[in-house]
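Notes for the one structure printed next.
Keep in mind that this is a model prediction, so the values were computed, not measured.
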2 protein chains.
Amino acid sequence: MRTTSVADQVTRAALELFATQGYATTSVQQIVEAAGVTKGAMYHYFQSKDDLLFAIYERMLSLQKSRLDEIMARGGAVEEVLRTVCVDVIETSIDFLPEGTVFFRSMHMLTAPRRQEVVRRRREYHDQFATLIERGQAEGVFRTDVPRSVLIAHFFSDVHYLSHWYSPEGPEDKTEVAQQITDLFLRSIRANGGGATDG
Amino acid sequence: MRTTSVADQVTRAALELFATQGYATTSVQQIVEAAGVTKGAMYHYFQSKDDLLFAIYERMLSLQKSRLDEIMARGGAVEEVLRTVCVDVIETSIDFLPEGTVFFRSMHMLTAPRRQEVVRRRREYHDQFATLIERGQAEGVFRTDVPRSVLIAHFFSDVHYLSHWYSPEGPEDKTEVAQQITDLFLRSIRANGGGATDG
DNA sequence: GGCAACGTACCGTCCGGTCGGTTTGGTGAG
DNA sequence: CTCACCAAACCGACCGGACGGTACGTTGCC
């Protein structure tokens, strides 16, 4: 496992530096020094600095997508499926908090083809989420007086914002926060104004 | 008004370029070319590239803060005050959409003292918002079973996320969206599960 | 003539990426 | 076991160029 160690160390160091300093202000030299390797070694495993950034996104995107696929394949009542999806994406986003920070801050720095690939993957997730909302609306459980795009944005905004306020060292528990946010969201999109707030 | 024209043009050009390309990847040369001025002229009005970024934030922050002060000074029932505040910050955030993009993406690139100043200003707004929630909770109109920090983050996430999905050219109307998002938020934080959704 | 408002040429620095060379780890013949 | 051999892994000095910022000259208005 010696060969992957270098790539791993570099990825780890890059993630931390990108998260704290930003992509553009982090030099390749800094990364390789933090990783304890040389520039030559790094360029042996990665094509470019850009490649490093993409690798970080890749890992997070593919994991979240595969989890979404699995949950939706299980089926069930639309509101319960949606609840599971919401809790899951919030929890995994907390697990990948540094990745999220880098993601939303530096995605626009990717070269065009790679950025398009990332956008495509994100849209896939987004669209799948949208079908859930649509189903719920068709069944009459979710409100239709607010545009679907607004409802969807209203949820993803929470996911997005996590890296700006949530701290694993803070008082809030990951699982609880995920349920609380999901609860706030579900209550706000239900067709009738009321409803209990079971976990 | 000839003297301010240069500074204005530069600020405008910088804002647009920062929003589309990011701060770090935009060179001073690009900015001055887009503004139709020279580098010398720019450095006559701004101390540094950093200064340009701060000026963009400054404008947005001071405007939103003064509007918040005014609304809260008017007083009224806590839920109505909060509603007004929410609608206002969403609408002004839409008015300042490019600023928002640059803000959340490049704030961490500011030099330490300036970044601290920005953080301080943001916290002021944040704290004032928190007192409103607190008052509502004390009066029994807002729920207390979810941590206040989560409720607050749940709202600001929407404000934050606007620059990622909202487009003035899109189908959504600014005023409507502001009311819809506010509505979703208020419904989710009310103490009882129900309630009408007046605009 | 004096001062603010610019214009321009240039500097020191740093950065992503490269490239020729060296080390290392595995293999198979003897 | 040994040694020749090779490919992959790795090293690090170096390059071309871009960038932020400055020094100093020039203009034009009072």
Side-chain angles (χ1 to χ4, degrees), chain A residues 1-58 102 105-115, chain B residues 1-58 102 105-115:
Chain A
M1 232 27 80
R2 254 294 177 76
T3 57
T4 57
S5 156
V6 169
D8 252 26
Q9 289 282 74
V10 170
T11 309
R12 219 183 302 274
L15 173 60
E16 190 181 325
L17 286 167
F18 289 166
T20 55
Q21 308 185 349
Y23 173 77
T25 47
T26 300
S27 70
V28 173
Q29 197 61 41
Q30 270 184 290
I31 296 170
V32 297
E33 273 168 21
V37 303
T38 62
K39 215 194 264 195
M42 192 222 100
Y43 273 97
H44 181 73
Y45 290 101
F46 298 94
Q47 293 177 18
S48 60
K49 188 186 176 186
D50 182 89
D51 200 18
L52 232 44
L53 192 56
F54 185 75
I56 291 171
Y57 298 163
E58 228 294 322
V102 176
R105 199 185 267 169
S106 306
M107 190 176 53
H108 65 289
M109 301 254 188
L110 280 174
T111 51
R114 291 221 160 112
R115 188 173 57 245
Chain B
M1 229 31 77
R2 252 297 175 73
T3 57
T4 56
S5 157
V6 169
D8 252 26
Q9 289 283 75
V10 170
T11 309
R12 219 184 303 274
L15 173 60
E16 191 180 326
L17 286 168
F18 289 166
T20 54
Q21 307 185 350
Y23 173 77
T25 48
T26 300
S27 71
V28 172
Q29 196 61 40
Q30 270 184 290
I31 296 170
V32 297
E33 273 169 20
V37 303
T38 62
K39 216 194 266 195
M42 191 219 100
Y43 273 98
H44 181 73
Y45 290 100
F46 298 93
Q47 293 177 19
S48 60
K49 188 186 175 186
D50 183 89
D51 200 19
L52 230 46
L53 192 57
F54 185 75
I56 290 172
Y57 298 162
E58 227 296 321
V102 176
R105 199 185 268 168
S106 306
M107 190 176 53
H108 65 289
M109 301 254 189
L110 280 174
T111 52
R114 292 219 158 112
R115 189 174 56 244

Considering just the side-chain nitrogens and oxygens of Tyr43(B), establish if one lies under 4.0 Å of OP1 or OP2 belonging to dG7(C).
no

Using modelled atom types only, decide if a donor and an acceptor are shared between the side chain of Ser106(A) and the backbone of Met109(A) within a distance under 3.5 Å.
no

Integer-rounded Å distance: dG16(C) P and Met42(A) CE
9 Å

Can you figure out which of dA9(D), dC11(D), dC6(C) approaches the side chain of Tyr45(A) most closely?
dA9(D)

Can you tell me how far P of dC15(C) sits from CG of Asp50(A), to the nearest Å?
18 Å

Could you list all the ring pair (Phe, Tyr, Trp, His ring centres under 6.0 Å) pairs where at least one residue sits in residues 22-42 of chain B, not counting sequence neighbours?
Phe18(B)-Tyr23(B)

Ignoring hydrogens and angles, answer whether the base of dG21(D) and the side-chain atoms of Lys39(B) contain a donor-acceptor pair closer than 3.5 Å.
yes

Does Arg12(B) use its side chain to pair, donor to acceptor, with the backbone of Ala35(B) at less than 3.5 Å?
no

Listed nucleotide nearest any side-chain atom of Thr38(B), set dC10(D), dG7(C), dC6(C)
dG7(C)

Tell me if a side-chain donor or acceptor on Tyr57(A) pairs with a main-chain N or O of Val102(A) at a distance below 3.5 Å.
yes

Kindly state which residues belonging to residues 12-28 of chain A come within less than 4.0 angstrom of DNA chain D, counting heavy atoms of the residue only, listed by number.
none

Which whole-number value in Å describes the distance from Leu53(B) CG to dG20(D) C1'?
15 Å

May I have the distance from Phe46(A) (atom CZ) to dG16(C) (atom P), rounded to whole angstrom?
15 Å

Can you confirm whether more than 12 heavy atoms, excluding those of Glu16(A), are under 6.0 Å from its CD atom?
no

At less than 4.0 Å, is any side-chain N or O atom of His44(A) found next to OP1 or OP2 of dC10(D)? Yes or no.
no

Identify which nucleotide among dG16(C), dG7(C), dC10(D) has an atom closest to any side-chain atom of Lys49(A), counting heavy atoms from C-beta outward.
dG16(C)

Take the protein atom CD of Gln29(A) and the nucleotide atom P of dC14(C), then report the distance between them rounded to whole Å.
12 Å

Check the distance between dG12(D)'s C1' and Glu33(A)'s CD and give it to me in whole angstrom.
12 Å

ring-ring contact (aromatic ring centres under 6.0 Å, His included) against Tyr43(B), all qualifying residues, sequence neighbours excluded:
none

Using atom CD of Gln9(B) as one end and atom P of dC6(C) as the other, report the distance to the nearest whole Å.
12 Å

Arg114(A) vs Asp51(A), side chain to side chain contact (heavy atoms under 4.5 Å, CB included): CA-CA, chis, key distance, verdict
CA-CA 9 Å; Arg114(A) 291 221 160 112; Asp51(A) 200 18; 3.2 Å; yes

